[in-house]
Amino acid sequence: MVTTRASLHTLGCRLNQAETSILGEGLRRKGFDLVEFGQPTDLLVLNTCAVTEDAERTSRYLIRKTLKHSPHAFIAVTGCYAQTGMERLKQQTGIDLIVGHQFKLDLPTYLPPAHELRKRSVAEIRHTKSIARGDFELPHFAESDSTRALLKVQDGCSAMCSFCIIPFARGHERSRTFDDIQREVEVLAARGYREVVLTGVNIGQYVNQGRDFCSLLRWLDQAASFERIRISSIEPTTVSDELLDLLASSKKLCPYLHIPLQSGDDQILQAMNRRHTIKSYIKLIEKAFTTIPDLGLGTDLLVGFPGESEIAFQTTLAVATDLPFSYLHVFPYSPRPGTAAMRLKQRISSASVKKRADLLLALDRVKRLTFHNKQIGKTVSVLFEAGTRDAYRFGTTPNFTRVGIADSGDFQNQILPVTITAATDRCALGHVVSPQQVNCAVVVR
């Protein structure tokens, strides 16, 4: 029997990754045989990003690349770029289906049966300008390719940062129904996942059926069988004392936060329409480390925002240097159609943006090495991933330290104690502790 092949590819955030997994499950149910992206295929589902112009450019390139090795492949495009750049995508040759965010997770239902899949002369469009504001449920539950399950709990954002296109791409804040989360948690636990990662656009704003975000975490901590519960990126204004106390007291909630800073200059933050100041952010970080001493902390920094003077950038560099970040995600500013920042005229030259980004990326490497060096001598709990890379097996600790061991054993989805003996700016290195050694070692959660 000839099977119809389908591949999926994700650009952008962890929420996009979670939604791609859901789409993959929908394709399996529709009779498609999933193959690795880049291999010959009969169908490509591209889950796009629109946060930067480069992400949009990459989307268009990947479509052309797929059609070179699979010229008859049916191309379905969804995600943020499909929502905000639909008119541009309509002009690109080779696209057969464009699905905006309102209909994103229903994409498999808009495809012909697998054996009837044919390219179209004109792309079919499933798109609405506005996105429903009501709370939501998922059409089915995905099985992640990772050892960590991605649990979507929230979507959309109402913050309206002046540089950000996400409110236009994903709509206003809305939450997933608690009952639906309960159902998926039961499925994921039955499948044997050891860690679950909560995803969303502004997850700290979760509220449904009388439960806010901390209530949801407390329920997961008490009711779910996962050994680890991790929070993805969360806005500083939604990190409460209650949340920090939960992270500190729980044996399941990971001592890890990714809290976007964006800029270290108050005037730039105000122009960005961010809802925090440098003083409030520093106070939050100090409180977080007082409450959770072994915290792993990441952040986002946006470089080259209109009006960012050299002094403003140096202030950002100084703040990022002083704060105890484990790593930095650095993004050059990209003008996004429809955003308030598009009206700002004090643009920064591309050469200056690159120079500033390079300085922050160099600091990122220093931060990672410093953080990994601090782990040397500790015996830590590591959840191992599948496969090997450069003869090493890798996994992560609760505080999101990436750990590699030179071992030929198959440790996939196992949580094992590892003593850290060395560090690079990419990961910490160590060895698995024997059962006899475990009794003598203090394992850091």
Side-chain angles (χ1 to χ4, degrees), residues 11-13 16 48-61 80-81 84-85 88 157 159-170 201-202 233 235-237 258-282 285 297-323 325-368 425:
L11 296 169
C13 63
N16 256 14
T48 61
C49 175
V51 169
T52 65
E53 186 178 2
D54 186 58
E56 296 179 351
R57 188 182 303 112
T58 301
S59 298
R60 298 191 296 269
Y61 164 75
C80 290
Y81 187 29
T84 62
R88 178 77 180 268
C157 185
M160 300 303 292
C161 295
S162 66
F163 58 84
C164 187
I165 200 170
I166 296 302
F168 302 96
R170 287 186 172 268
V201 179
N202 195 352
S233 180
E235 282 296 306
T237 51
H258 183 102
I259 309 177
L261 171 60
Q262 305 301 3
S263 173
D265 182 87
D266 277 328
Q267 287 187 323
I268 296 298
L269 287 176
Q270 186 175 17
M272 289 178 170
N273 198 31
R274 297 289 289 167
R275 300 184 179 186
H276 64 271
T277 63
I278 296 306
K279 183 178 180 180
S280 67
Y281 189 95
I282 292 173
I285 301 308
L297 177 68
T299 196
D300 294 338
L301 292 169
L302 186 63
V303 187
F305 185 82
E308 182 189 62
S309 65
E310 184 60 31
I311 293 174
F313 171 73
Q314 290 298 329
T315 302
T316 297
L317 183 62
V319 170
T321 301
D322 291 343
L323 289 175
F325 293 119
S326 311
Y327 64 87
L328 313 173
H329 285 170
V330 180
F331 301 91
Y333 169 73
S334 182
R336 302 285 75 207
T339 61
M342 283 286 291
R343 298 192 295 269
L344 300 177
K345 297 179 180 179
Q346 295 174 286
R347 298 298 170 87
I348 312 302
S349 71
S350 57
S352 294
V353 172
K354 184 180 185 307
K355 180 180 177 181
R356 294 173 185 181
D358 287 345
L359 286 170
L360 286 174
L361 289 170
L363 177 61
D364 168 57
R365 291 189 289 273
V366 171
K367 289 287 186 181
R368 290 175 188 265
D425 60 358

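Starting from 1, each residue takes its place in the sequence as its number. Computed over heavy atoms, backbone and side chain alike; hydrogens, waters and symmetry mates excluded.
- Distance check, rounded to the nearest 0.5 Å: OG1 of T277 to CD1 of I282 gives 8.5 Å.
- Among residue pairs with one or both ends in residues 339-353, those qualifying as side chain to side chain donor-acceptor pair (under 3.5 Å) are S349-S352; sequence neighbours excluded.
- Partners of Y281 under the ring-ring contact (aromatic ring centres under 6.0 Å, His included) rule, at least two apart in sequence or in another chain, are H276.
- Within the model, atoms CG of L297 and OH of Y327 stand 8.0 Å from one another, a figure rounded to the nearest 0.5 Å.
- Of all the heavy atoms in H258 and P260, the pair that sits closest is O-CD, 3.6 Å.
- Taking 4.5 Å as the limit, every side-chain heavy atom of F313 sits out of range of all side-chain heavy atoms of D265.
- Taking Q314 as the reference, E310 meet the side-chain hydrogen bond (donor to acceptor under 3.5 Å, both in side chains) condition, with sequence neighbours excluded.
- Taking 4.5 Å as the limit, every side-chain heavy atom of S263 sits out of range of all side-chain heavy atoms of L301.
- Atom-to-atom distance recorded for L360:CG and L302:CG is 10.5 Å, nearest 0.5 angstrom.
- One finds the OG1 atom of T316 at 11.5 Å from the CG atom of L363 (value rounded to the nearest 0.5 Å).
- Using a 4.5 Å heavy-atom cutoff, the side chains of C49 and S59 are not in contact.
- For N16 (side chain) and T48 (main-chain N/O), a donor-acceptor pair under 3.5 Å exists by modelled atom type.
- In plain terms, the two heavy atoms of G264 and T315 that are nearest each other are O-CG2, 3.2 Å.
- Panel note: side chain D425, backbone R368; no donor-acceptor pair is recorded below 3.5 Å.
- With hydrogens and angles ignored, the 3.5 Å screen pairs a side-chain donor or acceptor of K367 with a backbone N or O of L323.
- Taking all atoms of both residues into account, the shortest heavy-atom contact from A312 to I268 is CB-CG1, 4.1 Å.
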For residues 160-169, which side-chain donor-acceptor pairs fall under 3.5 Å, sequence neighbours excluded?
| residue | atom | partner | partner atom | Å |
| --- | --- | --- | --- | --- |
| S162 | OG | A271 | O | 2.8 |
| S162 | OG | M272 | O | 3.4 |

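- Between H329 and F331, the ring-plane angle classifies as perpendicular under the 30° and 60° cut-offs.
- Proximity of a side-chain donor or acceptor of S334 to a complementary backbone N or O of T52 within less than 3.5 Å is not detected.
- The pair E56-R88 does not count as a salt bridge, with every side-chain nitrogen at least 4.0 angstrom from each carboxylate oxygen.
- When all heavy atoms are compared, the tightest approach of C157 to N202 is SG-ND2, 4.0 Å.
- Annotation: the span from E308 atom CD to I348 atom CD1 amounts to 6.0 Å, rounded to 0.5 Å.
- The line from CD of E235 to CD1 of I259 is 9.5 Å long, rounded to the nearest 0.5 Å.
- A donor-acceptor distance shorter than 3.5 angstrom exists from the side chain of R336 to the backbone of A50, with no hydrogens or angles considered.
- The side-chain heavy atoms of Q267 and S309, taken from C-beta on, include no pair separated by under 4.5 Å.
- In this structure R170 satisfies the salt bridge (Lys or Arg N to Asp or Glu O under 4.0 Å) test together with E19, D155, sequence neighbours excluded.
- At least one donor-acceptor pair closer than 3.5 Å links the side chain of T299 to the backbone N or O of L261.
- Residues forming a side-chain hydrogen bond (donor to acceptor under 3.5 Å, both in side chains) with D266 (at least two apart in sequence, or on another chain): none.
- Residue V303 is tested with K354, K355, R356 for a side chain to side chain contact (heavy atoms under 4.5 Å, CB included); the sole match is R356.
- The pair R57-D54 meets the salt-bridge criterion, since a charged nitrogen lies less than 4.0 angstrom from a carboxylate oxygen.
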